[in-house]
Amino acid sequence: GNVGSATAATGFDVANSARFDNVGDDSLTRSKGSETSLRKGTFSWWMKRAENEGTAMIVYSNETTSDSNRAYIEVDANENFRVISSEGSDTQILLVTDAEFRDFSAWTNFVVSVDTTQGTAANRVKIYINGVLETSFSTSTYPGQNADLILFKGGQTNKEHIGKINGESPKLSAYLSEFVFVDGLQLAADQFGEFDSDSGIWKPIDVSG
């Protein structure tokens, strides 16, 4: 079904969001540097879709040379959430949710939490949507135990992008806020949000520090 989250009254308010328009060159790029770990890390962000272009919407990507050596996170053309990390012929991660994300009126919190040292395959990549662990996938490929991931390595020029993928036009038409990457730790969604005690709606918390 469709997934979204309305806003809830809270003691913490996110001050701003960034609007990404896929018609222009709205994207962010930074030099990645060296990560603490190539096996553990957590991404979290809030997103509200702005329009439906009928194409994939890239949220995050590494700058890499080809489709066989890259990692990216997106809402795909079928409006499912997708995480991909591939190195050569090795598809390290390919997770595609059954849930579809079509709500243009509400903010949604996505958390991608990774630890390839975990013994159980499904624990190596966890996806939380509005605080709830996703367990229903149309495709589910998990990394091998102790795998070093392209998702954390970076690409040929060691850059990473929000809102586009290397060599292609930006493909994100959405508002983003509270985009966080925690290097070297696999964290649960409750480090980034909480359920409102009155409404039950998932809401942001202060992630500073």
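In what follows, every heavy atom counts, from backbone to side chain, and hydrogens, waters and symmetry copies are set aside.
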With side chains defined as the heavy atoms from C-beta onward, is the minimum distance between W45 and Y60 less than 4.5 Å? no
S44 and V111: which non-hydrogen atoms are nearest, and at how many Å? OG-CG2, 3.6 Å
For the residue pair V125 and V114, establish whether any side-chain heavy-atom pair is separated by less than 4.5 Å. yes
Quick check against the 3.5 Å criterion: does S138 have a side-chain atom that pairs as donor or acceptor with the backbone of D98? no
So NZ of K153 and CG of L151: to nearest 0.5 Å the spacing works out to 11.5 Å
Do side-chain atoms of D26 reach the backbone of F20 as a donor and acceptor pair under 3.5 angstrom? no
Could you tell me which residues satisfy ring pair (Phe, Tyr, Trp, His ring centres under 6.0 Å) with F192, sequence neighbours excluded, listed by chain and number? none
For E178 against I205, the heavy-atom pair lying closest together: OE1-O, 4.1 Å
Identify the two heavy atoms, one from K164 and one from S27, that lie closest to each other, and give their separation to 0.1 Å. CD-OG, 3.6 Å
So F110 and I73, do their side chains get closer than 4.5 Å, heavy atoms only? no
With sequence neighbours excluded, residues passing side chain to side chain donor-acceptor pair (under 3.5 Å) with S208: D206
Partners meeting salt bridge (charged side-chain N to carboxylate O under 4.0 Å, His left out) with E74 (sequence neighbours left out): R82
Looking at side-chain heavy atoms only, is the closest gap between V83 and F43 below 4.5 Å? no
Just list the side-chain donor-acceptor pairs under 3.5 Å for residues 141-149, sequence neighbours left out, or say none.
from : atom 1 : to   : atom 2 : distance (Å)
Q145 : NE2    : T117 : O      : 3.1
D148 : OD1    : R39  : NE     : 2.9

As an exercise, state the distance from CD1 of I165 to CD1 of I84, rounded to the nearest 0.5 Å. 8.0 Å
Separation of W107 CH2 from S105 OG (nearest 0.5 Å): 12.0 Å
Out of curiosity, T97 OG1 to E79 CD, how far, rounded to the nearest 0.5 Å? 11.0 Å
Residues 180-190 side chain polar contacts: donor-acceptor under 3.5 Å, at least two apart:
from : atom 1 : to   : atom 2 : distance (Å)
D183 : OD1    : T36  : N      : 3.3
D183 : OD1    : S37  : N      : 3.4
D183 : OD2    : T36  : N      : 2.6
D183 : OD2    : T36  : OG1    : 2.9
Q186 : NE2    : S113 : O      : 3.4
Q186 : NE2    : N123 : O      : 2.8

Measure the spacing between OG1 of T108 and CZ of F101 and express it to the nearest 0.5 Å. 7.0 Å
Output all residues satisfying ring pair (Phe, Tyr, Trp, His ring centres under 6.0 Å) with F137, sequence neighbours left out; order by chain, then residue number. none
Using the test ring pair (Phe, Tyr, Trp, His ring centres under 6.0 Å), find all partners of F195 that sit at least two apart in sequence or belong to another chain. W202
Between the main-chain N or O of P204 and the side-chain N or O of N109, is there a donor-acceptor pair closer than 3.5 Å? no
Could you grab the distance from atom OG1 of T29 to atom NZ of K159, nearest 0.5 Å is fine? 7.0 Å
Can you name the nearest heavy-atom pair linking K48 to A106, along with the distance? CG-O, 3.3 Å
Got a sec, which residues hit side-chain contact (heavy atoms from CB on, under 4.5 Å) with D90, two or more places apart in sequence or on another chain? Q92
How about N130 and Y128: does a side-chain donor come under 3.5 Å of a side-chain acceptor? no
Closest contact, heavy atoms only, S140 versus L95: CA-CD2, 3.6 Å
With sequence neighbours left out, write down each residue that passes side-chain contact (heavy atoms from CB on, under 4.5 Å) with N78, or none if nothing qualifies. D76, N80
Do any pairs count as a salt bridge (charged side-chain N to carboxylate O under 4.0 Å, His left out) and have a residue in residues 105-133, sequence neighbours left out, and if so which ones? none
What residues, two or more places apart in sequence or in another chain, satisfy side chain to side chain donor-acceptor pair (under 3.5 Å) together with S197? none
For F104 versus A50, what's the shortest heavy-atom pair and its separation? CD2-C, 3.7 Å
